[in-house]
Amino acid sequence: MNHQLHLFQEEDEPDLLAELRTFRDFGESTLVETVGGLPYFINEFWTARQRQAHRLHEVSYRACFKPQLPAFFIERLTAPGDVVYDPFMGRGTTPIEAALRDRIPYGNDTNPLSRALTEPRINPPTLAQVKARLGEIPWGTFDHYDHAELLTFYHPTTLAHIEGLRAWLMEREKAGLLDQTDRWVRMVALNRLTGHSAGFFSVYTLPPNQAVTVERQRLINEKRKQTPPPRDVAAIIAKKSASLLSDGPALAPASLFLTAQSDATSEIPEAAVALTVTSPPFLDIVNYESDNWLRCWFMGIDPTSVKIAMHRKVEAWQAFIASTLHELARITRPGGHIAFEVGEVRNGKVRLEENVIAAAEGLPLTPLGVMINQQEFTKTSNCWGVSNNEVGTNSNRIVLLKRDQ
């Protein structure tokens with residue numbers, strides 16, 4: 001243990017920090033260093049060996065953290081009935097895990113796909129209801145297609161069924177008839193559009209958390225000497241639904257999901273949130289628009305209209321985080337917490353946790369420390385990016401903040 005930590009009086013520090021110091025659930029003691037006056041806690045706090053998360057989480061989305069991350073904080077920093085929030089919810093990992101643990105899930109994301117992926121998995125329909133709805137869809141009338149360019153991904157019959165389902169869902173939404181079962185069917189279809197096995201609607205392509213361009217798919221087809229086979233769209237949706245629901249539902253007596261900017265969530269009352277667990281868009285390392293073009297097409301969304309935050313300069317990113325933290329300070333109850341996960345980018349030369357801490361200056365938020373969840377824990381590698389900053393590591397870096405009383 002770093003002797004500089006005598007600056008912190010252990011009897012006065014929060015229970016979570018005391019637990020982090022002594023944590024050794026996976027066989028290693030926590031390595032603690034002081035950087036910039038704050039303690040860094042380095043250990044394997046949740047492990048890659050913990051692969052059996054709830055099946056409801058098995059929805060693919062680019063740049064998402066594992067369910068074990070929010071679970072760690074939800075269990076330690078909240079009680080049943082508390083509100084748990086994520087302003088950048090992505091595929092909904094934090095709100096889904098919150099509901100599974102009897103908390104009230106709140107979520108927001110400027111990308112409307114995020115709400116479409118998350119909301120149906122809170123208080124979901126039963127498998128019997130899903131199968132009944134699939135039986136009501138007039139698949140036999142879906143006998144033509146308008147987007148011939150998509151034949152690089154799909155067999156003609158499959159494409160006709162995909163386009164027919166898309167139009168059917170849009171018509172129900174326009175008529176105000178779209179219910180939770182319809183939203184579930186749409187959510188599963190979004191996740192089966194493209195993939196690398198017979199469990200997807202498409203011929204073999206890249207993983208399901210992104211879609212390649214039509215031209216790129218042509219090249220893949222040529223290289224692999226493949227043509228899209230027929231797929232049973234309804235059967236694939238039913239099979240994936242059975243898998244997602246096999247561990248039981250995520251139930252919540254209340255929930256709130258928004259499609260807003262992270263610093264403009266007026267629908268959330270002041271001091272309503274006990275805990276925020278989130279990971280914001282990082283510097284310009286992921287192109288969400290190009291990744292999600294096919295999902296946006298299915299939803300009828302113009303991807304150019306989705307204002308995903310992408311910042312090339314650290315200073316601009318820090319200003320974006322500061323505005324988000326200002327809003328989080330408003331909605332977090334006194335004594336509540338924020339777990340802000342950031343990534344190592346640009347070959348480990350940028351430590352975004354420092355920018356998050358700087359962005360919190362002047363707000364009623366006290367930085368408690370930084371957790372580094374290091375996979376494949378070794379005493380040598382844990383300090384990378386902390387002391388010598390020479391090599392990026394496969395880790396989660398979480399800034400812990402507490403709302404002042």
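Computed from a prediction, not measured in an experiment: that's the story for all the values here.
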To the nearest 0.5 Å, what is the distance between CG (L117) and CG (D109)?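 Those atoms lie 9.5 Å apart.
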Can you tell me how far apart CG (L151) and CG (L159) are? Round to the nearest 0.5 Å.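 Here the rounded value is 5.5 Å.
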Electrostatic pair [X]:[Y] at N-O distance under 4.0 angstrom:
| X | Y | result |
| --- | --- | --- |
| E215 | R218 | yes |
| D15 | R76 | no |
| R133 | D182 | yes |
| K174 | E171 | no |
| R186 | E173 | yes |
| E353 | R351 | yes |

Polar contact flag, side-chain donor to acceptor under 3.5 angstrom, [X]-[Y]:
| X | Y | value |
| --- | --- | --- |
| N373 | R397 | no |
| T324 | D263 | no |
| T205 | Q217 | yes |
| R55 | S243 | yes |
| D404 | T366 | yes |
| Q226 | N221 | yes |
| E327 | T265 | yes |

Taking every non-hydrogen atom, the tightest pair across [X] and [Y]:
| X | Y | answer |
| --- | --- | --- |
| W184 | P124 | CZ3-CB, 3.6 Å |
| M187 | N191 | O-ND2, 2.9 Å |
| A98 | V84 | CB-CB, 3.7 Å |
| I122 | A252 | CG2-CB, 4.0 Å |

One pair to check against side-chain contact (heavy atoms from CB on, under 4.5 Å): L400 and L20. What are the steps and the verdict? CA-CA 12 Å; L400 298 172; L20 296 181; 4.1 Å; yes
Evaluate the criterion ring pair (Phe, Tyr, Trp, His ring centres under 6.0 Å) for residue pair F201 and Y154; output intermediate values, then yes/no. CA-CA 7 Å; F201 304 154; Y154 307 113; 7.1 Å; no
Any chance you could lay out the side-chain contact (heavy atoms from CB on, under 4.5 Å) test for V188 and V185, step after step, and finish with the verdict? CA-CA 5 Å; V188 177; V185 169; over 6 Å; no
P70 backbone acceptor or donor facing W46 side chain under 3.5 Å: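 Judged by distance alone, no pair lies under 3.5 Å.
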Do other residues, nucleotides or ligands put more than 12 heavy atoms under 6.0 Å from H155 NE2?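 Counting neighbours around NE2 of H155, more than 12 heavy atoms of other residues, nucleotides or ligands fall under 6.0 Å, so yes.
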Can you confirm whether R172 is buried at CZ, in the sense that more than 12 heavy atoms of other residues, nucleotides or ligands lie under 6.0 Å from that atom?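 Yes, the 6.0 Å shell around CZ holds more than 12 heavy atoms from other groups.
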Under 6.0 Å from the ring centre and within 45 degrees of the ring axis: does the NZ or CZ of R231 meet both conditions for the six-membered ring of F200?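 Verdict for F200: no cation-pi partner in R231.
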Start with the C-alpha distance between T93 and Y61, add both sets of side-chain angles, then the distance that settles side-chain contact (heavy atoms from CB on, under 4.5 Å), and finish with yes or no. CA-CA 10 Å; T93 305; Y61 195 80; over 6 Å; no
Between Y204 and H196, what is the ring plane arrangement, given parallel below 30°, perpendicular above 60°, and tilted in between?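 Perpendicular.
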Check the angle between the aromatic planes of H161 and W139 and answer parallel, tilted or perpendicular using the 30° and 60° thresholds.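 The rings of H161 and W139 sit tilted, inter-plane angle from 30° to 60°.
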For a side-chain contact (heavy atoms from CB on, under 4.5 Å) check, start with the C-alpha distance between N108 and M89, then their side-chain angles and the critical distance, and finish with the verdict. CA-CA 6 Å; N108 172 70; M89 67 180 174; 5.9 Å; no
Of all pairs that satisfy side chain to side chain donor-acceptor pair (under 3.5 Å), the ones with a partner from residues 96-105, not counting sequence neighbours: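 Found H57-E97, E75-R101, T78-R103, E97-R101.
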Is any side-chain heavy atom of V212 closer than 4.5 Å to a side-chain heavy atom of F153?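 Contact flag for V212/F153 side chains = yes.
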